[in-house]
Amino acid sequence: MSRATPNTKWLGAVSTLTVCGTDVAPTATMVLLRSADQSPIDVGCMLYGATAHCVEANTAAVDTKRRFLVVIPPGCHHARMFVTRAGDSAGTSQSDTTAGSTTSGGFAGVSVIKMPSGVGGAETYLPAAIYSSIIASDSDVNDAPAVSMDRPFKVPETLVAGLELFEVNVAAGVSVAVFQRTADLETL
Amino acid sequence: MAIPHPAALVVTPATGFLTPIINVEPLGTALANTNHLYEYFTPPLASVMPNLATGLSRNTSYIFGIIPSQDGLRYLFDHTIYPVATGVITIKVESGHNDGPTVWTPVLAATAYGTVAGTWVTISHYGTVAATEDRIRVTYSAASGNYLPSQILIYPAPDPTLKPFAAPWIVTSGFRVYEDSLLDGGATLRPVTTEMLDRCRRNSIRVLTDRVHNVFSYVQEDGALGTPLHVAPFASLPAEGWATVGRARAQIGRESKATLQVRVLASVSAGTTVDRVWLSTINDEGVLMDATVGAPGAMVSESLVVHPDASGFVDFSLSLRASAGNTCTIHSAMAFWRPGS
(Lines give C-alpha, C1' and ligand atoms only; values in the text may rest on other atoms or scores of the structure.)
Protein backbone atom coordinates (compact mmCIF):
# COMPACT_ATOMS: atom_id res chain seq x y z
CA MET A 1 0.00 0.00 0.00
CA SER A 2 1.13 3.60 -0.44
CA ARG A 3 0.22 7.19 0.38
CA ALA A 4 0.34 9.64 -2.48
CA THR A 5 1.38 13.26 -2.05
CA PRO A 6 -1.88 15.19 -1.77
CA ASN A 7 -2.89 17.77 -4.34
CA THR A 8 -5.58 19.65 -2.43
CA LYS A 9 -7.46 22.61 -3.81
CA TRP A 10 -8.31 24.87 -0.91
CA LEU A 11 -10.95 27.20 -2.31
CA GLY A 12 -14.16 26.22 -0.56
CA ALA A 13 -12.40 23.63 1.59
CA VAL A 14 -11.23 25.64 4.59
CA SER A 15 -14.63 26.31 6.12
CA THR A 16 -14.85 22.67 7.30
CA LEU A 17 -13.02 22.51 10.62
CA THR A 18 -14.08 19.06 11.81
CA VAL A 19 -13.95 15.44 10.72
CA CYS A 20 -16.80 14.37 13.01
CA GLY A 21 -19.20 17.03 11.85
CA THR A 22 -22.04 17.75 14.26
CA ASP A 23 -22.30 14.17 15.49
CA VAL A 24 -21.33 14.12 19.18
CA ALA A 25 -20.90 10.33 19.22
CA PRO A 26 -19.93 9.23 15.72
CA THR A 27 -19.25 5.59 15.00
CA ALA A 28 -15.57 4.89 15.54
CA THR A 29 -14.64 4.02 11.99
CA MET A 30 -11.28 3.88 10.26
CA VAL A 31 -12.61 6.47 7.84
CA LEU A 32 -12.79 9.02 10.64
CA LEU A 33 -9.33 8.19 11.90
CA ARG A 34 -7.87 8.29 8.41
CA SER A 35 -9.55 11.62 7.71
CA ALA A 36 -8.10 13.09 10.90
CA ASP A 37 -4.65 11.83 10.01
CA GLN A 38 -4.87 13.16 6.46
CA SER A 39 -5.52 16.77 7.46
CA PRO A 40 -2.00 17.73 8.59
CA ILE A 41 -0.56 15.78 5.67
CA ASP A 42 -2.74 17.75 3.24
CA VAL A 43 -1.60 21.06 4.68
CA GLY A 44 1.99 20.09 5.31
CA CYS A 45 2.53 18.87 1.76
CA MET A 46 0.71 21.64 -0.07
CA LEU A 47 2.59 23.60 -2.72
CA TYR A 48 3.59 26.99 -1.40
CA GLY A 49 2.82 29.90 -3.67
CA ALA A 50 5.69 30.31 -6.15
CA THR A 51 6.62 33.99 -5.95
CA ALA A 52 6.74 35.89 -9.23
CA HIS A 53 9.77 38.15 -8.72
CA CYS A 54 10.00 41.19 -10.95
CA VAL A 55 13.68 42.03 -11.07
CA GLU A 56 15.59 43.73 -13.82
CA ALA A 57 18.80 41.75 -14.22
CA ASN A 58 19.28 41.63 -17.95
CA THR A 59 21.01 44.80 -19.10
CA ALA A 60 24.40 46.44 -18.72
CA ALA A 61 22.93 48.97 -16.29
CA VAL A 62 22.15 46.38 -13.63
CA ASP A 63 23.80 43.32 -12.18
CA THR A 64 22.72 40.38 -14.34
CA LYS A 65 23.46 37.57 -11.88
CA ARG A 66 21.05 37.10 -8.98
CA ARG A 67 20.82 34.48 -6.27
CA PHE A 68 17.70 33.77 -4.29
CA LEU A 69 16.32 31.26 -1.81
CA VAL A 70 13.07 29.36 -2.28
CA VAL A 71 11.23 27.45 0.42
CA ILE A 72 10.53 23.94 -0.88
CA PRO A 73 7.63 22.13 0.81
CA PRO A 74 7.71 18.43 1.71
CA GLY A 75 7.18 15.76 -0.93
CA CYS A 76 8.84 17.45 -3.91
CA HIS A 77 11.71 16.32 -6.10
CA HIS A 78 11.95 18.56 -9.17
CA ALA A 79 11.14 22.16 -10.00
CA ARG A 80 11.20 24.42 -13.04
CA MET A 81 12.34 28.00 -13.32
CA PHE A 82 10.27 30.56 -15.21
CA VAL A 83 12.33 33.45 -16.53
CA THR A 84 11.05 36.66 -18.04
CA ARG A 85 13.08 37.70 -21.06
CA ALA A 86 12.92 41.27 -22.34
CA GLY A 87 13.56 42.53 -25.83
CA ASP A 88 16.79 44.10 -26.95
CA SER A 89 17.82 46.07 -30.03
CA ALA A 90 16.29 44.79 -33.25
CA GLY A 91 18.18 41.84 -34.67
CA THR A 92 20.30 41.37 -31.55
CA SER A 93 20.74 37.94 -30.03
CA GLN A 94 20.87 38.22 -26.26
CA SER A 95 22.94 36.03 -24.01
CA ASP A 96 21.44 32.72 -23.00
CA THR A 97 19.85 32.69 -19.59
CA THR A 98 21.88 30.44 -17.31
CA ALA A 99 20.83 29.14 -13.94
CA GLY A 100 21.74 26.73 -11.20
CA SER A 101 20.82 25.49 -7.77
CA THR A 102 22.57 23.78 -4.90
CA THR A 103 20.88 20.40 -5.20
CA SER A 104 21.10 20.42 -9.00
CA GLY A 105 24.88 20.35 -8.76
CA GLY A 106 25.84 23.93 -8.10
CA PHE A 107 26.61 26.98 -10.18
CA ALA A 108 29.52 26.05 -12.42
CA GLY A 109 30.57 23.65 -15.13
CA VAL A 110 28.18 21.06 -16.53
CA SER A 111 25.73 21.68 -13.65
CA VAL A 112 24.77 25.04 -15.12
CA ILE A 113 21.30 24.96 -16.64
CA LYS A 114 21.16 26.86 -19.89
CA MET A 115 17.94 28.28 -21.35
CA PRO A 116 18.68 29.46 -24.87
CA SER A 117 17.79 32.96 -25.97
CA GLY A 118 16.10 33.91 -29.19
CA VAL A 119 16.92 36.94 -31.28
CA GLY A 120 15.51 40.10 -29.71
CA GLY A 121 13.06 42.42 -31.37
CA ALA A 122 12.92 46.17 -31.08
CA GLU A 123 13.90 47.63 -27.74
CA THR A 124 10.57 47.27 -26.07
CA TYR A 125 10.98 46.25 -22.48
CA LEU A 126 9.73 49.35 -20.79
CA PRO A 127 7.25 50.70 -23.33
CA ALA A 128 5.49 47.51 -24.41
CA ALA A 129 5.34 44.36 -22.33
CA ILE A 130 3.87 42.32 -25.19
CA TYR A 131 7.36 41.85 -26.59
CA SER A 132 8.70 40.26 -23.42
CA SER A 133 8.29 36.56 -23.00
CA ILE A 134 8.39 34.08 -20.16
CA ILE A 135 10.46 30.98 -20.82
CA ALA A 136 10.57 27.85 -18.73
CA SER A 137 13.41 25.49 -18.03
CA ASP A 138 12.95 22.13 -19.67
CA SER A 139 10.82 19.38 -18.14
CA ASP A 140 12.95 16.34 -19.11
CA VAL A 141 14.79 15.28 -15.98
CA ASN A 142 18.57 14.75 -16.19
CA ASP A 143 20.28 14.96 -12.83
CA ALA A 144 23.70 13.86 -14.11
CA PRO A 145 24.28 15.85 -17.29
CA ALA A 146 27.47 15.40 -19.27
CA VAL A 147 27.23 18.95 -20.60
CA SER A 148 25.52 22.16 -19.56
CA MET A 149 21.95 21.84 -20.80
CA ASP A 150 18.35 22.88 -20.29
CA ARG A 151 16.78 20.66 -17.61
CA PRO A 152 14.65 20.80 -14.45
CA PHE A 153 16.09 21.56 -11.03
CA LYS A 154 16.41 18.78 -8.51
CA VAL A 155 15.20 19.88 -5.06
CA PRO A 156 15.49 18.24 -1.64
CA GLU A 157 12.93 15.46 -1.27
CA THR A 158 12.01 15.25 2.42
CA LEU A 159 9.10 15.37 4.85
CA VAL A 160 9.97 18.84 6.11
CA ALA A 161 10.09 22.18 4.29
CA GLY A 162 13.58 23.38 3.45
CA LEU A 163 15.48 26.12 1.64
CA GLU A 164 17.06 25.78 -1.77
CA LEU A 165 19.45 28.36 -3.23
CA PHE A 166 19.00 29.23 -6.90
CA GLU A 167 20.95 31.45 -9.27
CA VAL A 168 19.80 33.07 -12.51
CA ASN A 169 21.81 35.11 -14.96
CA VAL A 170 20.12 37.41 -17.50
CA ALA A 171 16.49 37.73 -16.52
CA ALA A 172 13.82 40.38 -16.17
CA GLY A 173 11.72 38.28 -13.83
CA VAL A 174 12.04 34.87 -12.20
CA SER A 175 10.07 32.29 -10.27
CA VAL A 176 10.60 28.66 -9.29
CA ALA A 177 7.70 26.22 -9.18
CA VAL A 178 7.68 22.59 -8.15
CA PHE A 179 6.37 20.32 -10.89
CA GLN A 180 7.19 16.79 -9.72
CA ARG A 181 6.00 15.41 -6.40
CA THR A 182 6.88 12.33 -4.43
CA ALA A 183 4.76 9.45 -5.68
CA ASP A 184 4.58 7.62 -2.33
CA LEU A 185 5.17 9.50 0.91
CA GLU A 186 5.80 6.22 2.73
CA THR A 187 9.16 5.97 0.91
CA LEU A 188 10.51 9.13 2.55
CA MET B 1 3.68 15.04 29.96
CA ALA B 2 5.42 16.33 26.85
CA ILE B 3 4.66 18.41 23.81
CA PRO B 4 5.88 16.62 20.69
CA HIS B 5 8.02 18.71 18.35
CA PRO B 6 8.35 16.50 15.25
CA ALA B 7 11.11 17.85 13.05
CA ALA B 8 9.38 16.36 10.01
CA LEU B 9 5.94 15.10 9.12
CA VAL B 10 5.42 11.50 10.16
CA VAL B 11 3.51 9.52 7.57
CA THR B 12 1.57 6.64 9.06
CA PRO B 13 1.59 3.80 6.50
CA ALA B 14 -1.76 3.01 4.97
CA THR B 15 -1.56 -0.40 6.65
CA GLY B 16 -1.54 1.39 9.99
CA PHE B 17 -5.25 2.07 9.60
CA LEU B 18 -6.24 -1.57 9.11
CA THR B 19 -7.97 -2.70 12.30
CA PRO B 20 -5.35 -1.39 14.73
CA ILE B 21 -5.57 -2.40 18.36
CA ILE B 22 -6.67 0.25 20.81
CA ASN B 23 -3.58 2.36 21.33
CA VAL B 24 -2.20 5.87 21.27
CA GLU B 25 -1.29 5.46 17.63
CA PRO B 26 -1.98 6.42 14.91
CA LEU B 27 -4.04 9.28 16.41
CA GLY B 28 -1.10 10.48 18.49
CA THR B 29 1.02 10.83 15.36
CA ALA B 30 -1.73 12.75 13.58
CA LEU B 31 -2.01 15.20 16.47
CA ALA B 32 1.77 15.55 16.75
CA ASN B 33 1.87 16.33 13.04
CA THR B 34 -0.23 19.43 13.72
CA ASN B 35 2.43 20.58 16.17
CA HIS B 36 4.91 20.07 13.38
CA LEU B 37 2.79 22.27 11.09
CA TYR B 38 2.83 25.11 13.57
CA GLU B 39 6.61 25.06 13.77
CA TYR B 40 7.52 24.17 10.21
CA PHE B 41 4.76 25.29 7.84
CA THR B 42 6.73 28.06 6.17
CA PRO B 43 5.22 29.72 3.10
CA PRO B 44 7.07 32.94 2.22
CA LEU B 45 5.67 35.99 4.02
CA ALA B 46 7.79 38.01 1.61
CA SER B 47 10.28 37.15 -1.12
CA VAL B 48 11.63 40.27 -2.82
CA MET B 49 14.50 40.91 -5.21
CA PRO B 50 15.29 44.63 -5.22
CA ASN B 51 15.62 46.45 -8.54
CA LEU B 52 18.67 48.68 -8.43
CA ALA B 53 21.55 49.91 -10.54
CA THR B 54 24.85 48.09 -10.54
CA GLY B 55 27.75 49.09 -8.37
CA LEU B 56 25.83 50.87 -5.61
CA SER B 57 28.08 51.68 -2.70
CA ARG B 58 25.74 53.95 -0.77
CA ASN B 59 23.14 53.01 1.80
CA THR B 60 19.84 51.73 0.46
CA SER B 61 16.45 51.16 2.04
CA TYR B 62 13.32 49.34 0.93
CA ILE B 63 9.74 49.29 2.17
CA PHE B 64 7.28 46.59 1.15
CA GLY B 65 3.88 45.50 2.38
CA ILE B 66 3.23 42.36 4.41
CA ILE B 67 0.28 40.51 5.94
CA PRO B 68 1.70 38.81 9.04
CA SER B 69 0.26 36.02 11.13
CA GLN B 70 -2.31 37.03 13.71
CA ASP B 71 -0.24 35.11 16.27
CA GLY B 72 2.63 37.63 16.32
CA LEU B 73 5.04 35.01 15.07
CA ARG B 74 8.78 34.99 15.05
CA TYR B 75 10.09 34.96 11.48
CA LEU B 76 13.40 34.10 9.89
CA PHE B 77 14.88 36.80 7.64
CA ASP B 78 17.37 35.71 4.98
CA HIS B 79 19.36 38.41 3.17
CA THR B 80 21.22 37.06 0.12
CA ILE B 81 23.93 39.55 -0.80
CA TYR B 82 26.83 39.79 -3.23
CA PRO B 83 29.55 42.01 -1.74
CA VAL B 84 32.25 43.48 -3.93
CA ALA B 85 34.49 44.34 -1.00
CA THR B 86 35.80 42.52 2.04
CA GLY B 87 34.54 44.31 5.08
CA VAL B 88 31.26 44.85 6.83
CA ILE B 89 27.65 45.34 5.81
CA THR B 90 25.20 46.69 8.37
CA ILE B 91 21.59 45.57 8.25
CA LYS B 92 18.62 47.13 10.02
CA VAL B 93 15.09 45.75 9.82
CA GLU B 94 11.91 47.40 11.09
CA SER B 95 8.24 46.60 10.94
CA GLY B 96 5.67 49.36 10.60
CA HIS B 97 2.06 50.40 10.35
CA ASN B 98 0.11 53.57 9.52
CA ASP B 99 0.93 56.39 7.16
CA GLY B 100 1.59 60.05 7.89
CA PRO B 101 3.80 59.10 9.70
CA THR B 102 4.51 55.41 9.81
CA VAL B 103 5.14 53.98 13.27
CA TRP B 104 8.29 51.88 13.06
CA THR B 105 9.26 49.10 15.46
CA PRO B 106 12.73 47.52 15.47
CA VAL B 107 12.89 43.92 14.30
CA LEU B 108 16.67 43.86 13.99
CA ALA B 109 18.74 46.73 15.39
CA ALA B 110 21.54 47.88 13.10
CA THR B 111 23.88 44.89 13.09
CA ALA B 112 27.20 44.50 11.30
CA TYR B 113 28.05 41.34 9.37
CA GLY B 114 31.36 40.47 7.76
CA THR B 115 31.66 40.09 4.01
CA VAL B 116 34.30 38.59 1.73
CA ALA B 117 34.91 40.18 -1.64
CA GLY B 118 33.25 38.32 -4.48
CA THR B 119 31.66 35.70 -2.24
CA TRP B 120 27.91 35.34 -2.08
CA VAL B 121 26.58 35.33 1.47
CA THR B 122 23.20 34.71 3.06
CA ILE B 123 22.81 36.56 6.33
CA SER B 124 20.05 35.15 8.55
CA HIS B 125 18.41 36.45 11.69
CA TYR B 126 15.17 36.06 13.60
CA GLY B 127 12.62 38.79 14.18
CA THR B 128 9.14 38.95 15.66
CA VAL B 129 6.46 40.78 13.68
CA ALA B 130 3.29 41.84 15.45
CA ALA B 131 -0.07 41.08 13.88
CA THR B 132 -0.80 44.79 13.58
CA GLU B 133 2.11 45.50 11.25
CA ASP B 134 1.57 46.00 7.53
CA ARG B 135 5.05 46.73 6.18
CA ILE B 136 8.74 45.98 6.53
CA ARG B 137 11.63 48.40 6.04
CA VAL B 138 15.11 47.04 5.38
CA THR B 139 18.16 49.31 5.39
CA TYR B 140 21.62 48.29 4.19
CA SER B 141 24.81 50.24 4.69
CA ALA B 142 28.24 49.13 3.52
CA ALA B 143 31.18 51.37 4.22
CA SER B 144 33.53 49.00 2.47
CA GLY B 145 32.32 49.37 -1.08
CA ASN B 146 29.52 48.37 -3.35
CA TYR B 147 27.21 45.45 -2.81
CA LEU B 148 24.14 43.85 -4.33
CA PRO B 149 21.21 42.92 -2.09
CA SER B 150 19.93 40.14 -4.31
CA GLN B 151 16.99 38.90 -2.24
CA ILE B 152 15.18 39.31 1.05
CA LEU B 153 13.20 36.25 2.12
CA ILE B 154 10.98 36.17 5.21
CA TYR B 155 9.15 33.07 6.43
CA PRO B 156 7.61 31.80 9.70
CA ALA B 157 9.96 30.38 12.33
CA PRO B 158 7.88 30.17 15.54
CA ASP B 159 9.76 30.04 18.81
CA PRO B 160 9.21 26.52 20.27
CA THR B 161 9.54 27.90 23.80
CA LEU B 162 6.63 30.35 23.49
CA LYS B 163 2.86 29.83 23.14
CA PRO B 164 1.21 27.70 21.97
CA PHE B 165 4.05 25.42 23.16
CA ALA B 166 3.80 27.13 26.55
CA ALA B 167 0.83 28.31 28.61
CA PRO B 168 -1.93 29.11 27.73
CA TRP B 169 -1.38 26.44 25.00
CA ILE B 170 -3.61 28.22 22.48
CA VAL B 171 -3.01 31.22 20.23
CA THR B 172 -5.07 33.88 18.46
CA SER B 173 -5.34 31.90 15.23
CA GLY B 174 -7.16 29.18 17.18
CA PHE B 175 -4.37 26.61 17.07
CA ARG B 176 -4.27 24.49 20.22
CA VAL B 177 -1.12 22.50 20.89
CA TYR B 178 -1.18 18.74 21.35
CA GLU B 179 0.39 17.46 24.57
CA ASP B 180 0.87 13.71 24.63
CA SER B 181 -0.61 12.99 28.05
CA LEU B 182 -4.02 13.68 26.47
CA LEU B 183 -3.82 10.18 25.02
CA ASP B 184 -1.04 8.44 26.87
CA GLY B 185 -1.32 8.28 30.65
CA GLY B 186 1.51 5.80 30.97
CA ALA B 187 -0.04 2.58 32.20
CA THR B 188 -3.50 4.00 31.54
CA LEU B 189 -4.61 4.99 28.06
CA ARG B 190 -6.90 8.00 28.01
CA PRO B 191 -10.30 7.88 26.35
CA VAL B 192 -10.52 9.32 22.86
CA THR B 193 -12.94 12.16 22.29
CA THR B 194 -14.33 13.61 19.09
CA GLU B 195 -12.42 16.80 19.90
CA MET B 196 -9.14 14.97 19.46
CA LEU B 197 -10.14 13.84 15.99
CA ASP B 198 -11.48 17.26 15.11
CA ARG B 199 -8.36 18.94 16.50
CA CYS B 200 -6.32 17.30 13.74
CA ARG B 201 -8.44 19.08 11.15
CA ARG B 202 -9.01 22.32 13.05
CA ASN B 203 -5.34 22.85 13.90
CA SER B 204 -4.32 22.15 10.32
CA ILE B 205 -6.80 24.61 8.84
CA ARG B 206 -5.92 27.28 11.41
CA VAL B 207 -2.26 27.14 10.44
CA LEU B 208 -3.11 27.01 6.74
CA THR B 209 -5.32 30.08 6.72
CA ASP B 210 -3.25 32.14 9.14
CA ARG B 211 -0.11 32.27 6.97
CA VAL B 212 -0.29 34.02 3.62
CA HIS B 213 1.94 33.24 0.64
CA ASN B 214 3.67 36.09 -1.18
CA VAL B 215 2.98 35.29 -4.86
CA PHE B 216 4.14 38.53 -6.54
CA SER B 217 6.80 41.08 -5.68
CA TYR B 218 8.36 44.17 -7.22
CA VAL B 219 10.61 46.28 -4.99
CA GLN B 220 12.76 49.36 -5.51
CA GLU B 221 14.32 51.80 -3.05
CA ASP B 222 11.89 53.83 -0.98
CA GLY B 223 13.56 57.07 -2.03
CA ALA B 224 14.85 58.02 1.42
CA LEU B 225 18.52 57.36 0.61
CA GLY B 226 18.66 57.62 -3.17
CA THR B 227 16.70 57.65 -6.42
CA PRO B 228 15.03 54.38 -7.40
CA LEU B 229 15.99 52.71 -10.66
CA HIS B 230 12.68 53.03 -12.56
CA VAL B 231 10.92 56.39 -12.44
CA ALA B 232 8.18 57.30 -14.93
CA PRO B 233 7.95 58.95 -17.40
CA PHE B 234 10.18 56.96 -19.74
CA ALA B 235 11.57 57.96 -23.09
CA SER B 236 9.28 57.50 -26.10
CA LEU B 237 6.13 57.40 -24.01
CA PRO B 238 3.67 60.31 -23.81
CA ALA B 239 2.34 61.59 -20.52
CA GLU B 240 -0.28 59.20 -19.12
CA GLY B 241 1.20 56.39 -21.21
CA TRP B 242 1.38 53.08 -19.34
CA ALA B 243 4.91 51.69 -19.01
CA THR B 244 5.44 48.08 -17.95
CA VAL B 245 8.18 47.68 -15.36
CA GLY B 246 7.71 44.05 -14.47
CA ARG B 247 6.40 40.72 -15.74
CA ALA B 248 6.72 37.36 -14.04
CA ARG B 249 4.90 34.08 -13.57
CA ALA B 250 3.52 32.83 -10.25
CA GLN B 251 2.06 29.51 -9.24
CA ILE B 252 -0.87 29.55 -6.83
CA GLY B 253 -1.11 25.97 -5.67
CA ARG B 254 -3.53 24.06 -7.87
CA GLU B 255 -6.28 26.65 -7.52
CA SER B 256 -8.51 27.61 -10.44
CA LYS B 257 -9.57 30.81 -8.75
CA ALA B 258 -8.10 32.89 -5.95
CA THR B 259 -8.62 36.32 -4.45
CA LEU B 260 -5.27 37.95 -3.81
CA GLN B 261 -4.52 40.84 -1.49
CA VAL B 262 -2.40 43.53 -3.15
CA ARG B 263 -0.23 46.08 -1.30
CA VAL B 264 1.34 48.91 -3.28
CA LEU B 265 3.56 51.77 -2.13
CA ALA B 266 4.06 54.40 -4.83
CA SER B 267 4.56 58.13 -5.02
CA VAL B 268 4.36 61.04 -7.44
CA SER B 269 6.36 64.25 -7.57
CA ALA B 270 3.18 66.27 -8.04
CA GLY B 271 -0.16 66.11 -9.76
CA THR B 272 -2.79 63.43 -9.61
CA THR B 273 -2.27 60.32 -7.52
CA VAL B 274 -5.28 58.47 -8.93
CA ASP B 275 -4.86 55.32 -11.04
CA ARG B 276 -1.09 55.49 -11.37
CA VAL B 277 -0.31 51.76 -10.93
CA TRP B 278 -1.81 48.82 -12.81
CA LEU B 279 -1.31 45.21 -11.79
CA SER B 280 -2.84 42.81 -14.26
CA THR B 281 -2.83 39.09 -14.90
CA ILE B 282 -3.47 36.91 -17.90
CA ASN B 283 -3.69 33.15 -17.94
CA ASP B 284 -3.47 30.91 -20.94
CA GLU B 285 -7.18 31.35 -21.54
CA GLY B 286 -6.67 35.03 -22.18
CA VAL B 287 -8.60 36.33 -19.18
CA LEU B 288 -7.49 39.79 -18.13
CA MET B 289 -8.05 40.80 -14.53
CA ASP B 290 -6.65 43.92 -12.95
CA ALA B 291 -6.59 46.17 -9.92
CA THR B 292 -5.71 49.82 -10.28
CA VAL B 293 -4.57 51.72 -7.25
CA GLY B 294 -3.52 55.29 -6.60
CA ALA B 295 -0.02 56.51 -5.78
CA PRO B 296 -0.40 58.71 -2.70
CA GLY B 297 2.91 57.84 -1.07
CA ALA B 298 0.99 55.72 1.38
CA MET B 299 0.43 51.96 1.44
CA VAL B 300 -2.57 51.17 -0.73
CA SER B 301 -4.57 47.95 -0.45
CA GLU B 302 -6.62 46.27 -3.12
CA SER B 303 -7.94 42.82 -3.89
CA LEU B 304 -7.44 41.02 -7.18
CA VAL B 305 -9.33 37.95 -8.37
CA VAL B 306 -7.19 35.68 -10.55
CA HIS B 307 -7.94 32.54 -12.55
CA PRO B 308 -4.82 30.34 -12.70
CA ASP B 309 -4.54 27.73 -15.42
CA ALA B 310 -4.78 23.99 -14.78
CA SER B 311 -1.26 23.96 -13.31
CA GLY B 312 -1.94 26.93 -11.06
CA PHE B 313 0.08 29.43 -13.12
CA VAL B 314 -0.72 33.12 -13.43
CA ASP B 315 1.35 35.69 -15.36
CA PHE B 316 1.51 39.12 -13.72
CA SER B 317 2.28 42.41 -15.41
CA LEU B 318 3.01 45.63 -13.49
CA SER B 319 2.76 49.04 -15.11
CA LEU B 320 2.76 52.68 -14.05
CA ARG B 321 2.19 56.07 -15.59
CA ALA B 322 3.08 59.66 -14.77
CA SER B 323 0.95 62.73 -15.38
CA ALA B 324 2.23 65.52 -17.61
CA GLY B 325 5.28 67.26 -16.16
CA ASN B 326 5.47 64.98 -13.14
CA THR B 327 7.13 61.73 -12.15
CA CYS B 328 5.73 58.53 -10.68
CA THR B 329 7.63 55.78 -8.85
CA ILE B 330 6.58 52.36 -7.59
CA HIS B 331 8.53 51.60 -4.43
CA SER B 332 6.94 48.21 -3.94
CA ALA B 333 4.08 46.07 -5.21
CA MET B 334 3.20 42.85 -3.43
CA ALA B 335 0.42 40.30 -3.83
CA PHE B 336 -0.52 37.68 -1.26
CA TRP B 337 -2.56 34.49 -1.40
CA ARG B 338 -4.41 33.18 1.64
CA PRO B 339 -5.40 29.56 0.86
CA GLY B 340 -9.14 29.17 0.81
CA SER B 341 -9.78 32.70 -0.45
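Each chain gets a letter, A, B and so on, in the order its sequence line appears, and its residues count up from 1.
- Only the backbone of B/Pro149 has a heavy atom closer than 4.5 Å to any heavy atom of chain A.
- Applying the side-chain contact (heavy atoms from CB on, under 4.5 Å) rule to B/Asp78 yields the partners A/Leu69, A/Leu163, B/Leu76, B/Thr122, B/Ser124, B/Leu153, B/Tyr155; only residues at least two apart in sequence or on another chain are considered.
- Among the candidates A/Phe166, A/Phe107, A/Phe179, the single residue satisfying the ring-ring contact (aromatic ring centres under 6.0 Å, His included) test with A/Phe153 is A/Phe166.
- Proximity to chain A is limited to the side chain of B/Arg206, based on heavy atoms less than 4.5 angstrom apart.
- Only the side chain of B/Phe316 has a heavy atom closer than 4.5 Å to any heavy atom of chain A.
- Neither the backbone nor the side chain of B/Ala258 comes within contact range of chain A; no heavy atom of the residue lies under 4.5 Å from a heavy atom of that chain.
- Within the 4.5 angstrom heavy-atom criterion, only side-chain atoms of B/Thr209, from C-beta onward, approach chain A.
- B/Leu27 touches chain A through backbone and side chain together, each having a heavy atom under 4.5 Å away.
- Residue contact with chain B, scored on non-hydrogen atoms closer than 4.5 Å, involves the side chain of A/Arg3 exclusively.
- Judged purely by atom type and a 3.5 angstrom limit, A/Thr16 has no side-chain atom pairing as donor or acceptor with the backbone of A/Ala13.
- Of the residues A/Glu164, A/Lys154, A/Glu157, the one that meets the side-chain hydrogen bond (donor to acceptor under 3.5 Å, both in side chains) test with A/Thr103 is A/Glu164.
- With a threshold of 4.5 angstrom between heavy atoms, A/Phe82 approaches chain B through side-chain atoms but not through N, CA, C or O.
- With a 4.5 angstrom heavy-atom cutoff, A/Glu167 touches chain B only via side-chain atoms.
- Proximity to chain B (any heavy atom under 4.5 Å) is restricted, for A/Ser2, to the backbone atoms N, CA, C and O.
- The one candidate from B/Val215, B/Val306, B/Asn214 that meets the side-chain contact (heavy atoms from CB on, under 4.5 Å) condition with B/Trp337 is B/Val215.
- Contact of B/Pro6 with chain A is not made at all, since no heavy-atom distance falls under 4.5 Å.
- When heavy atoms are compared at a cutoff of 4.5 Å, A/Ser15 does not approach chain B at all.
- Between B/Tyr75 and B/Phe77, the angle of the ring planes goes over 60°, which puts this pair in the perpendicular group of the 30/60° scheme.
- With chain A as the partner, the residue from B/Thr34, B/Asn33, B/Thr194 showing the most heavy-atom pairs under 4.5 Å is B/Thr194.
- Of the two parts of B/Val10, only the backbone, made up of N, CA, C and O, holds a non-hydrogen atom closer than 4.5 Å to a non-hydrogen atom of chain A.
- Neither the backbone nor the side chain of A/Val176 comes within contact range of chain B; no heavy atom of the residue lies under 4.5 Å from a heavy atom of that chain.
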